[in-house]
Every structure is written in C-alpha cells, then in structure tokens.
Amino acid sequence: MPELPEVEIFKRYLDATSLHQPIEGVEVRNAYILKKTSARELARRLKKRGFESSQRHGKHLFVRTDGGFWLRFHFGMTGSLQYFKNNEQVPRHARVVFVFANNHRLAFDDQRQFGGIDLVRDVDEFLKKHALGPDALEIDLWEFRKILRKCHGVVKSVLLNQRIIAGIGNLYADEILFRVRMHPATAVSRLNDKALTRIFRAIGYVLRKAIAAKADANQMPQSWLLPHRGKDGKCPRCGTRLKSANIGGRTAWFCPRCQKPAVHKSGL
DNA sequence: CTAGATGTTAAGGT
DNA sequence: CACCTTAACATCTA
C-alpha cells in the first residue's frame with residue numbers, strides 16, 4: 001500500500017539489502033512498467049554498476065547508481081520490493097528483476113502495474129518537471145500554512161494532491177482527518193491558522209507513527225481509523241458506525257459523529 | 001457477474 | 001487560463 005510510509009519502508013529495505021553490490025543484469029519481465037526507458041537502456045546503464053544511495057520524495061523512491069544518474073521507482077497501488085536468493089522463487093508479479101553478483105536479486109513486484117520505473121538524470125529536475133510539492137515530512141509549519149492558505153477545494157482533495165504536498169494517499173489522508181476530527185469535505189478556505197496547524201501536526205504524527213509501525217496496519221494503534229476503515233467498521237473513539245463518501249473521486253471513510261461538517265465556524 | 005481497491009494523469013467540463 | 005471532475009490504466013478479490 002504505497003503511500004509515503006510504505007515507500008519509506010521500501011527505501012530502508014533497499015538500503016539494507018541492495019546497496020554497493022555489482023549488478024550483473026536486469027531482467028525485464030514486463031516492459032509495460034518501463035514508461036520512459038527500455039530494457040536495453042536499463043541494462044546498458046546498470047550493468048557492472050551498483051546502487052550507492054537512495055532518497056525518497058513523497059511516494060517516489062530515487063536510487064543513485066555509481067554511473068551518476070538515478071533510478072526512479074513509483075509503486076502505484078500494488079508495487080513492492082523483494083530481495084531474494086537466486087534459488088528462491090521469483091515473486092508472482094515481478095516485473096523487473098535486478099540481478100546482483102552476490103547470488104541475490106531485487107524484484108520490483110507490481111500486480112496491477114500502476115507503478116513504474118524510470119531513469120532520471122537529476123532528481124530536482126524531475127520534481128520540478130512533475131511539479132511535485134514538498135515532501136510531507138520535510139515541509140515546515142510556516143511553509144505548510146502559506147501553501148494551504150492559497151488552496152481552494154475540500155481538505156481531503158488538497159491533502160491528496162501531490163502537487164501541493166507530496167506523500168499523502170487515500171488511507172493516511174483519512175487517518176489525518178480522523179485525528180483532527182475534521183470532515184473530509186471541509187473547504188480549506190474556511191480553515192484558520194489554528195486549524196491548519198492542527199492538520200500539520202497530525203500529518204507529521206500519523207506518517208511518523210506509521211513508519212515506526214513499519215507501515216504495517218497490524219502494528220498501528222487500535223485507536224486509529226485505519227484498522228477499522230471500511231467493512232462494518234466502528235469509530236474507535238465513540239463506537240459510531242463509520243461512514244463512507246466519494247470525495248474527489250476517492251472513497252473517504254470517516255466517523256459521522258466525530259467528524260461533523262463545519263457549518264459556520266472557520267476553524268475546528 | 002459486478003463493483004471496487006492503496007495512485008496518477010489525460011481529457012473534458014465549468 | 002485556472003480549477004474541478006471523470007475516466008482510464010491492469011488485475012484481483014469480495
């Protein structure tokens with residue numbers, strides 16, 4: 001479930017398994033994943049090279065090679081990384097497999113193929129070209145408020161917009177709004193600085209805590225929305241049956257009692 | 001069989 | 001032009 005915390009976990013996984021090893025080859029099992037490069041170019045750029053460091057921005061993971069350019073991973077809805085020994089079974093939906101000289105491989109597994117891999121020369125250039133906003137864990141309060149004060153639209157859509165802030169996806173947007181007890185369809189224009197500050201703090205808290213839980217829903221607190229989201233879930237605070245609504249084309253889950261739509265107030 | 005699922009983006013509308 | 005919404009992408013599960 002690759003939102004910012006999941007991608008951060010993938011980054012740590014890659015750092016712990018796949019750095020500083022000569023790459024013998026790249027197996028492209030499904031070229032659909034390669035949107036702006038080719039199997040041939042990947043092989044040419046990576047062979048006999050190694051991954052030397054990585055950095056994350058929002059939901060994008062950039063891996064620097066000792067050839068001087070970067071590999072970019074985006075995990076879409078179902079992407080993940082799997083490091084495994086040569087004699088072990090290749091993951092079911094492995095689309096690209098990096099073969100290392102040490103008898104191990106790293107697979108980019110992606111059932112639905114909404115993810116992708118690219119080569120980029122410069123990370124900042126990529127971020128600028130795609131107009132990505134600042135990373136949700138890098139931004140500071142003042143910048144956050146400054147950006148949000150200029151936003152129109154409903155709060156959930158704004159949090160999901162990667163060009164405003166990068167890294168928050170559907171599940172964590174719901175979690176953040178649950179934490180501040182705000183209805184997902186609240187207009188951002190009616191939020192005062194105090195409300196924006198509370199959202200900012202909730203973003204940092206939820207994302208950091210999710211990372212600490214290894215982005216594993218089973219390790220997140222029962223007091224969160226996430227373990228109860230969907231199905232016949234009940235609000236962990238008040239026990240009310242959770243409600244869903246389609247907001248900005250995505251399903252929002254929230255507690256209709258704790259997260260009432262603001263009517264006249266401009267804050268919380 | 002149909003609907004919906006964690007994401008992004010092109011295309012259409014206002 | 002700026003902004004918002006919808007559909008499409010590929011695949012699996014409820």
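Values below: all heavy atoms of this structure, side chains included; hydrogens, waters and symmetry mates excluded. Worth saying up front: this structure is predicted, and the values here are computed from it rather than measured. By convention in this document, chain letters (A, B, ...) are assigned in the order of the sequence lines, proteins followed by strands, and residues within each chain are numbered from 1.
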Subject >> salt_bridge(A/K59, A/E6) N-O dist < 4.0 Å >> reply: no
Original post:
Taking 4.0 angstrom as the limit, do A/K11 and A/D15 come out as a salt bridge?
Top reply: yes
Check whether [X] reaches the backbone of [Y] with its side chain - one donor and one acceptor, N or O, closer than 3.5 Å.
X: A/N170; Y: A/T251; value: yes
X: A/D109; Y: A/S80; value: no
X: A/E175; Y: A/L225; value: yes
X: A/R56; Y: A/G58; value: yes

**OP:** Answer with base, sugar-phosphate or nothing: what part of the nucleic acid does A/R163 contact at a heavy-atom distance below 4.0 Å?
**Re:** nothing
Interatomic distance where [atom1] belongs to [X] and [atom2] belongs to [N] [whole Å]:
X: A/F75; N: B/dA5; atom1: CZ; atom2: C1'; value: 19 Å
X: A/L61; N: B/dT8; atom1: CG; atom2: P; value: 14 Å
X: A/K35; N: B/dT8; atom1: NZ; atom2: P; value: 12 Å
X: A/M77; N: C/dA8; atom1: CE; atom2: C1'; value: 12 Å
X: A/D118; N: B/dG7; atom1: CG; atom2: P; value: 19 Å
X: A/I164; N: B/dT9; atom1: CD1; atom2: P; value: 14 Å
X: A/I168; N: B/dT8; atom1: CD1; atom2: C1'; value: 16 Å
X: A/N170; N: B/dG7; atom1: CG; atom2: P; value: 6 Å

Original post:
Between A/F51 and A/F98, does a ring pair (Phe, Tyr, Trp, His ring centres under 6.0 Å) hold up when you go through it step by step?
Top reply: CA-CA 11 Å; A/F51 298 141; A/F98 302 92; 5.5 Å; yes
Original post:
Does A/H74 make a side-chain N or O approach to OP1 or OP2 of B/dT8 shorter than 4.0 Å?
Top reply: yes
Subject >> Letter per nucleotide, 5' to 3', of nucleotides 2-7 of chain C [B base touched, S only sugar-phosphate touched, - untouched; heavy atoms, 4.0 Å] >> reply: --S---
Original post:
Can you tell me how far P in B/dA11 sits from the matching atom in C/dA10, rounded to whole Å?
Top reply: 16 Å
**OP:** Provide the distance between the two P atoms, one in C/dC12 and one in B/dT9, to the nearest whole Å.
**Re:** 24 Å
Subject >> Under 3.5 Å side-chain donor-acceptor pair for A/T197 and A/R145 >> reply: yes
Subject >> Between A/D110 and A/T78: side-chain donor-acceptor atoms closer than 3.5 Å >> reply: yes
Original post:
In dot-bracket, 5' to 3', how would DNA chain B read with Watson-Crick or G-U wobble pairs under 3.5 Å, [ ] for crossing ones and | for pairs to another strand?
Top reply: .||||.||||||||
Original post:
Does the separation of the ring centres of A/F254 and A/H183 fall below 6.0 angstrom?
Top reply: yes
Original post:
Less than 6.0 Å separating the ring centroids of A/H104 and A/Y83?
Top reply: yes
Original post:
What class does the angle between the rings of A/F75 and A/F10 fall in, given that below 30° is parallel, 30 to 60° is tilted and above 60° is perpendicular?
Top reply: tilted
Protein-nucleotides 9-13 of chain C N/O pairs under 3.5 Å:
from	atom 1	to	atom 2	distance (Å)
C/dC9	O3'	A/Y32	OH	3.2
C/dA10	O4'	A/R112	O	3.1
C/dA10	O3'	A/Q113	NE2	2.7
C/dA10	N1	A/R112	NE	2.8
C/dA10	N1	A/R112	NH2	2.6
C/dA10	N3	A/R112	NE	3.3
C/dT11	OP1	A/Q113	NE2	3.2
C/dC12	O4'	A/Q111	OE1	3.2

